[in-house]
Amino acid sequence: MLKEALKIQSQIQTDYEQLHAHAETGFDLTQTGAYVKKRLLEMGYEPVDCGKAGIVATAGNTETGKVFLLRADMDALKIKEEADVSFKSDNGNMHACGHDAHTAMLLGAAKLMKYHEQELGGIVKFMFQPAEEILEGAKDMIDAGVLENPKADGAMMVHVMTGVPIKSGTVIVSAPGVSAPAADFFKIEIKGKGCHGSMPHLGADPLTAAAHVLIALQEIAARELSVFDEAALTIGALEGANVPNAIPDAVTLKGSMRAFDEEVRNHMKKRLTEIAESVARAFRTEAIVTYTSGAPTLTNDKELSEKTNIWLKEAMGKDMVIRSQDMPGQSGGGSEDFAYVSQRVPSIMVALAAGDSREGYEHPLHHPKMRLDTKAFVYGTAALAEVAMRYVKV
């Protein structure tokens, strides 16, 4: 598959640049979805809509073999791009997490599977997913039936990495077990009583309460979790106060939490609510906690992890494939809503090094100057195609 991926490298590059230049977010993927459908139709597929903005296509010609699902996310982030590339997005959105690369690589894998469709011993299903950044797209497509008709027996995703000292094109196969933590996005609305800034005694200041809530929440990680409990709680936004000489009626804190263990996750959610409500009450205000979206832990299947490692080393060379357990330290705590798929069918998450920090790719994912080494994309395309091809043949 790697040799064949190299033959379509220019098309993968073209797809990537087109998707990158027209970055869209959430479920609002009008141009992105239209482009993906157009490309699939050109290959001879019959793409169908799935959920709010998802797209599905299938390759294969048997009803008796295994079904393997390959997934790519398509949405971008609301980040103004500062990267020095000729195909920069200029609409206020940016593919700062590499989902454009994921989509381009899956289109490449679909092209390769079309070449070999008559050889497939089963069915390969292509899942083009919206709204991963808000952790809602995978569940939406699952609810719409993406894992059924035909029923998926296994699944795989590839996620790019950049700003790391790893040779571009290197594939990292996740170890069995959890490779991405559960995540929960939340908001804490603190209601007080607004008044003039010169007469604070006539009001109940939600800003003061919010400040104390923010500080108090750090107690969860500092004093209620073990050093072995890998977890994080972040408040990333404070909204609702914008007049310097007035106390507002209400403000809202927005944040996220992540945990590699479901018991730890549940404890953090329970304590966040208790702390926010009690601290706000102490300052004569009211806190209302709402969990807006989230995803469970992404769990990698043991057998599929081992087979993927073997298959890719055979196909791409031992020096281009490493196992996550052989890498020093923790690779990161980013959550991934492919987790919903992994909770339903045996799944594997594979990372692709696409930006060696020793070669000028110093900015990490989610940075406005993030760039990817596009030469790595053929390895991601080949990995998707190779594993799918071998899975449906066994």
Side-chain angles (χ1 to χ4, degrees), residues 1 5 8 11-20 22-27 29 31-40 43 45 47-59 68-77 95-114 124-142 146-147 152 154-161 171 180 298 334 336-342 345 347-352 354 365 372 374 376-388:
M1 289 298 106
I8 61 169
Q11 182 62 60
I12 298 171
Q13 177 78 25
T14 297
D15 290 339
Y16 167 69
E17 292 184 5
Q18 175 68 23
L19 294 162
H20 186 95
H22 300 90
E24 298 173 300
T25 62
F27 289 102
L29 305 180
Q31 294 184 70
T32 303
Y35 184 82
V36 169
K37 286 181 182 178
K38 178 178 77 72
R39 292 286 296 115
L40 289 170
M43 297 177 204
Y45 287 101
V48 296
D49 295 329
C50 182
K52 296 177 183 178
I55 302 168
V56 178
T58 57
F68 195 66
L69 180 143
L70 299 177
R71 175 272 205 171
D73 36 17
M74 302 185 290
D75 59 318
L77 289 154
H95 272 293
C97 199
H99 296 185
D100 48 352
H102 302 166
T103 301
M105 291 188 293
L106 187 55
L107 286 171
K111 183 74 171 178
L112 299 185
M113 289 299 94
K114 204 63 178 176
V124 179
K125 182 180 286 191
F126 307 98
M127 173 184 177
F128 293 90
Q129 180 209 305
E132 191 281 329
E133 293 293 354
I134 57 175
L135 302 179
E136 295 181 16
K139 186 176 186 300
D140 177 72
M141 291 188 72
I142 291 172
V146 70
L147 300 180
M156 176 184 179
M157 63 158 285
V158 170
H159 202 302
V160 293
M161 302 166 58
V171 171
L298 195 164
E336 169 54 72
D337 80 345
F338 181 71
Y340 283 108
V341 175
S342 78
V345 301
S347 301
I348 183 66
M349 177 182 181
V350 171
L352 174 69
L365 298 176
L372 296 176
T374 61
F377 297 168
V378 291
Y379 292 92
T381 294
L384 289 164
E386 191 75 41
V387 174

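Heads up: numbering here begins at 1 and tracks the sequence.
Distance CG/L107 to NZ/K38: 10.0 Å, rounded to 0.5 Å. A distance of 12.5 Å separates CD in Q18 from OG1 in T103, rounded to the nearest 0.5 Å. Atom CE of M113 sits about 12.0 Å away from atom CE of M43, to the nearest 0.5 Å. A distance of 8.0 Å separates CZ in F338 from CE in M127, rounded to the nearest 0.5 Å. Separating the CG atom in L135 from the CG atom in D140 is a distance of 13.0 Å, to the nearest 0.5 Å.
For I12 against G108, the heavy-atom pair with the smallest separation is CG1-CA, 4.3 Å. Between M156 and A383, the closest heavy-atom pair is CE-O, 3.6 Å. Taking every heavy atom of both residues into account, I142 and V341 meet most closely at CD1-N, 3.8 Å. Residue G98 comes nearest to V160 through the heavy atom pair CA-CG2, 3.8 Å, listed as atom of the first residue, atom of the second, then distance. In terms of heavy atoms, G380 sits closest to M105 at CA-SD, 3.5 Å. Considering every non-hydrogen atom in both L40 and A57, the closest pair reads CD1-CB, 4.2 Å.
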Give every donor-acceptor pair under 3.5 Å between a side-chain atom in residues 49-56 and any protein atom, sequence neighbours left out.
| from | atom 1 | to | atom 2 | distance (Å) |
| --- | --- | --- | --- | --- |
| D49 | OD1 | K37 | NZ | 2.5 |
| D49 | OD2 | K37 | NZ | 3.4 |

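With hydrogens and angles disregarded, no donor-acceptor distance shorter than 3.5 Å links the side chain of H99 to the backbone of H95. The backbone N or O of T32 lies less than 3.5 Å from a partner atom in the side chain of E24, making a donor-acceptor pair. A donor-acceptor contact shorter than 3.5 Å is absent between the side chain of S342 and the backbone of I348. The backbone N or O of V345 sits less than 3.5 Å from a side-chain atom of S347, completing a donor-acceptor pair.
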| request: With side-chain contact (heavy atoms from CB on, under 4.5 Å) as the test, would you mind laying out the steps for Q11 and T14 before giving the verdict? | output: CA-CA 5 Å; Q11 182 62 60; T14 297; 4.1 Å; yes
| task | Given side-chain contact (heavy atoms from CB on, under 4.5 Å), test E336 with M157 step by step and report yes or no. | result | CA-CA 10 Å; E336 169 54 72; M157 63 158 285; 3.6 Å; yes
| For T25 and E133, what are the C-alpha separation, side-chain angles and deciding distance, and is it a side-chain contact (heavy atoms from CB on, under 4.5 Å)? | CA-CA 8 Å; T25 62; E133 293 293 354; over 6 Å; no
| field | side-chain contact (heavy atoms from CB on, under 4.5 Å) assessment of L372 paired with H20 | value | CA-CA 11 Å; L372 296 176; H20 186 95; over 6 Å; no
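In this structure E132 satisfies the salt bridge (Lys or Arg N to Asp or Glu O under 4.0 Å) test with no other residue, sequence neighbours excluded. Residues satisfying the ring pair (Phe, Tyr, Trp, His ring centres under 6.0 Å) test with Y45, not counting sequence neighbours, are F126. For E17, the side-chain hydrogen bond (donor to acceptor under 3.5 Å, both in side chains) partners at least two apart in sequence or on another chain are Q13. A351 is linked by a side chain to side chain contact (heavy atoms under 4.5 Å, CB included) to M161, I172, counting only residues two or more places apart in sequence or in another chain.
Under the salt bridge (Lys or Arg N to Asp or Glu O under 4.0 Å) criterion, no residue pair touches residues 97-109, with sequence neighbours excluded.
Side-chain atoms of Q129 and D75 form no donor-acceptor pair, as typed in the model, at a separation below 3.5 Å.
Within the 4.5 Å cutoff, side-chain heavy atoms of L69 are placed close to those of V146.
The only member of L106, V158, L112 that meets side chain to side chain contact (heavy atoms under 4.5 Å, CB included) when paired with T381 is L112.
A salt bridge does not link D337 to K139: none of the charged side-chain nitrogens sits closer than 4.0 Å to a carboxylate oxygen.
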